[in-house]
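Right, one structure below, let's go through it.
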Amino acid sequence: MMLIPCPWCGPRNESEFHYGGAAGVAYPADPGALSDEEWARYLFFRDNPKGPFEERWSHSAGCRRWFTLVRDTVTNEIVAS
Amino acid sequence: MAEPTTRHSPLAGAADRLARVTDAAGGAIAMAEVPFLTQLDLRLDPKGPAAAALGVTLPTHACTSARSGDVDVLWLGPDEWLVVGPPGAAERLAGQLRPAAGSEHVSVVDVSAQRTTLLLSGPRVRDLLALGCAIDLHPRSFGPGDCVQTELAHAPVVLFRRDPGFLIFVRASFAAHLADWLVDASVEYTGIPT
């Protein structure tokens with residue numbers, strides 16, 4: 001069980017959170033102009049690094065707020081939040 | 001012809017079992033449903049004009065509450081509170097909040113039917129809750145007036161430290177499960193086999 005630091009509620013068990021995937025994926029400025037391939041790339045393609053990864057989490061069983069943290073995908077250590 | 005509507009609290013059917021646990025625990029633990037409390041979900045800017053409408057400063061520190069008369073205001077998020085009052089107070093409280101908002105964006109929603117409430121008290125109540133809850137409920141870190149949204153026995157709950165014990169707000173659909181769990185978890189204090 002990971003202990004995840006919610007910026008509002010403090011450290012809580014991982015089971016109170018929902019994972020939101022990679023952080024910083026910008027919505028396309030003009031989605032209508034994208035080809036199917038570009039749209040699929042925006043929707044489904046994500047980095048899968050070994051090491052620090054910036055990701056979104058939602059404290060769904062607590063204050064229900066979204067936040068960003070950096071987790072090491074090897075050790076599960078929260079590097080920054 | 002329409003049938004007259006009768007209100008049934010979600011744990012009306014569990015009242016006997018909760019009372020048996022209370023009797024058998026010999027004072028170590030007491031538990032009972034507190035049905036039909038008024039609950040309003042309040043979302044607004046804590047610096048705006050409507051924030052003062054209840055005559056109490058909205059708590060802005062996470063997991064704390066404020067009390068004014070018969071109304072408790074529980075922190076749920078940085079712009080969200082749960083206003084808890086006695087049964088039947090929804091119109092009165094909403095009537096205080098909505099006019100005060102003016103043109104400000106404010107959300108006041110009556111969520112009284114979403115959750116029912118259990119009152120747990122007694123010297124062993126923290127030991128009991130610790131069986132299904134990861135939050136540190138020791139008086140040193142969770143004192144009177146503190147509240148927390150978390151999971152108890154896998155059910156999403158709001159725990160509220162309110163004398164003489166803990167108020168547990170639980171969704172109607174999880175209430176029977178939570179009551180079953182509490183009765184089962186109390187066996188070491190009651191000796192009642194389940």
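- The two residues B:A100 and B:A53 have their closest heavy-atom pair at CB-CB, 3.6 Å.
- The parts of B:P78 that come within reach of chain A are both its backbone and its side chain, each placing non-hydrogen atoms under 4.5 angstrom from that chain.
- The shortest non-hydrogen separation linking A:R12 to B:Q149 is NH1-O, 2.9 Å.
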* To do: Please lay out, stage by stage, how A:T68 and A:E54 fare under the test side chain to side chain donor-acceptor pair (under 3.5 Å).
  => CA-CA 7 Å; A:T68 301; A:E54 195 181 16; 5.4 Å; no
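- Taken together through direct or relayed side-chain contacts under 4.5 Å among Ile, Leu, Val, Met, Phe, Trp and Tyr, B:L120 and B:L131 form part of one hydrophobic cluster.
- In this structure, chain B has no heavy atom under 4.5 Å from any part of A:S60.
- The backbone N or O of A:N13 lies less than 3.5 Å from no partner atom in the side chain of A:E16, so there is not a single donor-acceptor pair.
- Side chains of A:E37 and A:W39: a donor-acceptor N/O pair is absent below 3.5 angstrom, by distance only.
- Look at B:R124 and B:E188 and you find no salt bridge, because none of the NZ, NE, NH1 or NH2 atoms lies under 4.0 Å from a carboxylate O.
- Side chain of B:R92 to main chain of B:G88: no donor-acceptor pair is present (N/O by atom type, distance under 3.5 Å, no hydrogens or angles).
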* Would A:K50 and A:D72 count as a salt bridge (charged side-chain N to carboxylate O under 4.0 Å, His left out) if you check the C-alpha gap in whole Å, the side-chain angles of each, and the deciding distance to 0.1 Å? -> CA-CA 8 Å; A:K50 182 179 181 182; A:D72 191 307; over 6 Å; no
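- Taking every heavy atom of both residues into account, A:R46 and A:R41 meet most closely at NH1-O, 4.1 Å.
- Using a 4.5 Å heavy-atom cut-off against chain A, no residue of residues 14-35 of chain B qualifies as contacting.
- Using a 4.5 Å cut-off between heavy atoms, B:D136 makes no contact with chain A at all.
- Of all heavy-atom pairs spanning B:S112 and B:Q39, the tightest one is OG-N, 2.9 Å.
- Close approach to chain A, defined as a heavy atom under 4.5 Å from one of its heavy atoms, is seen in B:A62, B:C63 of residues 57-71 of chain B, taken by number.
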